[in-house]
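A note on names: the letters A, B, ... follow the listed sequences, proteins ahead of strands, and every chain is numbered from 1.
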Amino acid sequence: MSLPNSTMLHVSSSPHIRHEATTQSIMADVLIALLPAYLMGVYAFGCRALLVMLVTVVACVLTELIYQKLMKLPLTVGDLSAVVTGAIITVNMPANIPLWMPALGGVFAILVVKQLFGGLGHNVMNPALAARCFLLISFAAAMTTFPETFRTLFDGAGVSAVADSGAALDAVSSATPLAALKAGGEVNIFQMIFNTHNGCIGEAYPPAILLGAVYLLVRRVIHIRIPGIYILSTVGFICLLQVISGNTALLTPGYLVAQVCSGGLLLGAIFMATDYVTSPITPAGQVIFALLLGLLTAMFRILGGSAEGVSYAIVIGNLLVPLIEKVTVPRPFGVTRKSKKAKKA
Amino acid sequence: MKKLTFKRGIHPSDEKYFSKDIPIRLIPATGDMVYPLSQHIGAPATPIVSVGDEVLAGQKIAEATGFVSVPIYSAVSGKIKAIAPHQTTTGENATCIIIQNDGQNRWINDTYRPDYPDRSDSDYAEKLMSSERVKHMTAADIRAAVREAGLVGLGGAGFPAAVKLTPPDDGKIEYFIVNAAECEPYLTSDDRLMLERGDELLYGCEILLRLFPNAKCLIGIEANKQDAIRSLSEKAEKHQNIFVKPLKAKYPQGGERMLIYALTKRKLNSTLLPSNVGCVVINVATVITAFRAVTLGQPLTHRIMTVTGDAVASPCNLEVPIGISYDRVLEAAGGLSPDADPEKLITGGPMMGTALFRLDLPVTKTSASILAMRRDPVAIDDPTPCIHCGRCLSACPERLVPQTLSAAAENDEFDRFEALGGMECIECGSCAYVCPAKRHLVQSMRYGKRQTGAIIRARKAAEAAKAKEEPEKGGKEA
């Protein structure tokens, strides 16, 4: 039996079959999962949200392309990771932001946070969130001014602002539910969950974010461990901190629902805390990481000056990942504590 | 019945439909036969024939060299042509005995033929079993017969079967486990053996159980082989102490440590042998060959191979003479599809098998299959950077962190590799299978294991030398 003359056999190390998932397909899944939340943002804040997306994604992709061309590196924009970064920056922006700001954020995310650290897989912080923090520090006013008018699904707001607490709010902006809450507003649970509300483009409608989460969970792109523990522990630590500081009266169910549905917690827990590169790989490490994020978020929200704290919490958590991983290496199958010690001795 | 299994692992498509319904067919020995002296783990066998000698089929041509070694038998009659280096499937030139096949198929003893006795007689196995000689065989006789037959583990690694069957203390063995998981995709030879030679398997278990007075026999079969489970469960009813256990179809269910855990919940690591946790694990084909060795004195001259894949004209299961070349086996199977120009040929399963670079190589005792694929789904993938997704970790049945380990190996950080448990890796390929960045994880792990293994051995040798030196010194001072 001789082989056809044209036959050129491939020789490689086993295994000789592979699962069809690729980095690209995973990134595409993340984009699909972001779609419902983003579309509800477009519904709530108008076509301006489309423009923000366009500018940010183009800025991210171009930055990666130009950098890699200049540095004579292999071009990797095809893996869609720059598009994901752009999309995540977008959903973290107020819709009326001056367009050069998210564009600058995109350049910062890709150039400084991602490429200078070695590109995909080597960044120590989530590029999109680092960019958001960068913009938040540099242009605090623009980043926290949310458009006044927007479409809602129903009449009414999740948290009704208290009339005389307007001092904290800009004249031409309307408050996010969390800002209104901090100022002492009242919560309507139904409105909070099922109505669109003010904030960044991606956090307009909680059920849409959850739909994306279900998609990612079903496709096994993410595991429930990080987002689940993060959200629950945030609520837990908020309760704890309020009890310690003697504000037990504040802890109504409505208050907690508003804490979960607003301030970017859902978006952060599902799309950003689960970022592969900047979250721990070990199961125990993921639990520690999520608890840490919950604690930090609760502290920033309750003790800090601003109403929000998700972005900073995740970015700080990202920096601790190598340490967390180092102390949470699982013990191999069949290796007992005793036999490991015996080996060392 | 509840399906037993282990934790983690992967679910590749099993692709067994190609050949699972095709009965085993015996093919004639054609062409010159090539027998590498090292077809097993342990010392290479020592030739006992010289160039020019006439040999018969079933005749011993090389003798075991020490305890961890096995003899080799010819599957054809003919003349010794050479004892010289010949290329094998691993790519190395190993010393081989090459026999010029006279094509006459003359056997040294007709009961050694692979098709003896006639299997159309429904109780042939029972008859073999009930002979006076077999009834009175002691444990030592059984081990000697297995040893003399040149039998090795036919499932994969090729460890001498007699050594496996000789644990330090027979009385401490509680489970005699038959590995019938056949978890590698495409392979169907064990499945066919269970369906067609179930009686040989069960009587084989009965014989081998005699070695272990306190053991019961568990046959672990993956749930994707329902026919085998049904047929063996029925037959096992009349055998004492033999139980068929369905296992979840999951890769690598047939890994020794995974199988033992699934069936007994006992855990093994790389420093332990199955006998340390009261188990002996033997593959289906090995038990059947042991049955024939004990009842008929038959040596290992043939084995079952699956010839399969989308580039093969008619996928099938063949009983092939060991020593034949791969291209003859493929020819006997009907060759490649006329329109196929395969990109990859594999011997063994797609998860742990070896890619073939040519076909004029000898079939050995551990050759499980020829798998011909039109498209090669892996060699064309360029690895991209690790995105730290953790899929390798959730797939690893050994609970390792392949991502970190392979990075340690690639950077030559062998201390770290060892500290992270790298030596526990069984090279099953689950991590590389799931990796979305298509990284060559198994390749790095193999490199890491090889280098680290050498360092560990050197360290142990140094320690042993030191330990030897010290008491001597002490003696002088006193």
SB check Arg439(B) Asp382(B) (cutoff 4.0 Å): no

Distance under 6.0 Å and angle within 45° of ring axis: Lys16(B) vs Tyr186(B): no

Top contributor to chain B interface from Gly121(A), Pro283(A), Ser13(A), Pro280(A) [non-hydrogen pairs under 4.5 Å]: Ser13(A)

Ile26(A) portion near chain B, given a 4.5 angstrom heavy-atom threshold: side chain

Lys344(B) side-chain N/O to Ala355(B) backbone N/O, donor-acceptor pair under 3.5 Å: no

Option that, when pairs with chain A are counted at under 4.5 Å, heavy atom only, ranks first among Glu427(B), Arg257(B), Met352(B), Arg391(B): Arg391(B)

Part of Ile346(B) within contact of chain A (heavy atom distance under 4.5 Å): side chain

Residue Leu272(B) versus chain A: region with a heavy atom under 4.5 Å: neither

Among Gly390(B), Cys396(B), Pro350(B), residue most engaged with chain A (heavy-atom pairs, under 4.5 Å): Pro350(B)

Salt bridge Lys69(A)-Glu64(A), side-chain N to carboxylate O under 4.0 Å: no

Arg219(A) CZ: over 12 foreign heavy atoms closer than 6.0 Å: no

Per-residue contact mode, Glu325(A) against chain B (heavy atom under 4.5 angstrom): side chain

Residues Lys449(B) and Glu424(B) bridged, charged N to O under 4.0 Å: no

Pi-cation contact, Tyr261(B) with Lys265(B) (under 6.0 Å, within 45°): yes

Which atoms of Ser430(B) approach chain A - backbone, side chain, both or neither, heavy atom under 4.5 Å: neither

Winner by heavy-atom pair count (cut-off under 4.5 Å) against chain A, out of Pro397(B), Pro377(B), Pro436(B), Cys386(B): Pro436(B)

Contacting region of Ser279(A) [heavy-atom separation from chain B under 4.5 Å]: backbone

